[in-house]
Protein chains: 2
Amino acid sequence: MNNWDRENGIAQFVRDRRKKAKLTQVELSDFTGVGLRFVRELEQGKPNLMSDKVNQVLLFFGHTLTPTPISDETRRNMGK
Amino acid sequence: MNNWDRENGIAQFVRDRRKKAKLTQVELSDFTGVGLRFVRELEQGKPNLMSDKVNQVLLFFGHTLTPTPISDETRRNMGK
DNA sequence: AATTTTTATACCTTTTAAGGTGTAATATCA
DNA sequence: TGATATTACACCTTAAAAGGTATAAAAATT
């Protein structure tokens with residue numbers, strides 16, 4: 001077992017959005033063009049990821065990585 | 001010459017904040033613990049960076065990478 | 001409960017970011 | 001303008017992410 005944080009912001013965001021879109025990890029992998037392994041590690045909270053790969057996935061959901069104040073972090077998922 | 005986008009959001013954010021803090025790239029490198037090379041590539045808009053390294057720098061400025069709607073991207077630097 | 005689908009884990013290989021260092025270019029200041 | 005400080009570019013090495021695939025576990029569907 002790994003000790004990644006599945007509850008971390010990005011991981012949660014992607015899992016949540018993917019579920020809402022009724023997609024499997026395989027489908028998301030296909031649609032976004034990133035490897036299946038990457039989708040899995042992303043959703044499981046792997047701490048160190050390549051930013052443009054993350055963006056490749058986020059873009060599919062109309063989002064992108066941007067610097068935001070830490071105090072605002074708690075409302076990062078505000079977009080539903 | 002590389003063809004990176006120095007005007008990209010993260011690059012601009014870091015350069016801007018560093019300048020406002022009256023720090024050199026070397027100092028920012030020291031304070032954040034990331035390599036000097038990384039600070040430079042970051043500020044010059046290298047597209048592919050490791051997310052936790054970026055966060056290591058952003059944290060110094062009280063920020064962190066989070067998924068934000070693309071439509072909101074233009075106000076990413078809202079925090080001054 | 002059994003079958004199918006989806007997700008998680010483990011192996012190996014390839015790719016590439018990160019870091020260090022040295023040098024050149026640019027900017028800052030006396 | 002000349003000296004100093006800061007930033008940019010180019011080399012190489014090392015570390016680790018990404019990807020593919022195969023297997024196991026867990027969830028969902030019937």
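As the structure is a computational prediction, the values presented were derived from the model and not from experiment. Per chain, numbering begins at 1; letters A, B, ... match sequence-line order.
- Among the atoms of the strands shown, none is found under 4.0 Å from any heavy atom of B:E43.
- Rounded to an integer number of Å, the gap from CG of A:N2 to C1' of C:dA8 is 9 Å.
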Can you check nucleotides 3-5 of chain C for protein contacts, nitrogen or oxygen pairs under 3.5 Å, and list what you find?
none

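- No side-chain donor-acceptor contact under 3.5 Å links A:R6 and A:Q12.
- In this view, A:R18 and A:E43 satisfy the salt bridge (Lys or Arg N to Asp or Glu O under 4.0 Å) rule, not counting sequence neighbours.
- For A:R18 and C:dT7, the shortest distance from a side-chain N or O to OP1 or OP2 is below 4.0 Å.
- Listed by first and then second residue, the ring pair (Phe, Tyr, Trp, His ring centres under 6.0 Å) pairs involving residues 32-52 of chain A amount to none (not counting sequence neighbours).
- B:I10 approaches B:V54 most closely through the heavy-atom pair CG2-CG1, 4.0 Å.
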Kindly give the atom pairs (protein nitrogen or oxygen, nucleotide nitrogen or oxygen) under 3.5 Å for nucleotides 16-18 of chain C.
| from | atom 1 | to | atom 2 | distance (Å) |
| --- | --- | --- | --- | --- |
| C:dA17 | OP1 | B:N48 | ND2 | 3.4 |
| C:dA18 | OP1 | B:M50 | N | 2.7 |

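- Grouped with A:W4 in a hydrophobic cluster is no other residue, since no side-chain heavy-atom contact under 4.5 Å to another Ile, Leu, Val, Met, Phe, Trp or Tyr is found.
- A donor and an acceptor atom, one from each side chain of A:T66 and B:T68, are located under 3.5 Å apart.
- Remark: B:F61 pairs with no residue by the ring-ring contact (aromatic ring centres under 6.0 Å, His included) rule, at least two apart or across chains.
- Between the CG atom of A:L42 and the P atom of D:dA18 there is a distance of 9 Å, given to the nearest Å.
- Rounded to a whole Å, the CD atom of A:Q44 is 8 Å from the C1' atom of C:dT7.
- The NZ atom of B:K19 sits 9 Å away from the C1' atom of D:dT7 (whole-angstrom rounding).
- At D:dT7, none of the side-chain N or O atoms of B:R15 fall inside 4.0 Å of OP1 or OP2 (strictly under the cut-off).
- The backbone N or O of B:A11 lies less than 3.5 Å from a partner atom in the side chain of B:N8, making a donor-acceptor pair.
- Remark: A:R40 is not in phosphate contact with D:dG19, judged by side-chain N or O atoms under 4.0 Å from OP1 or OP2.
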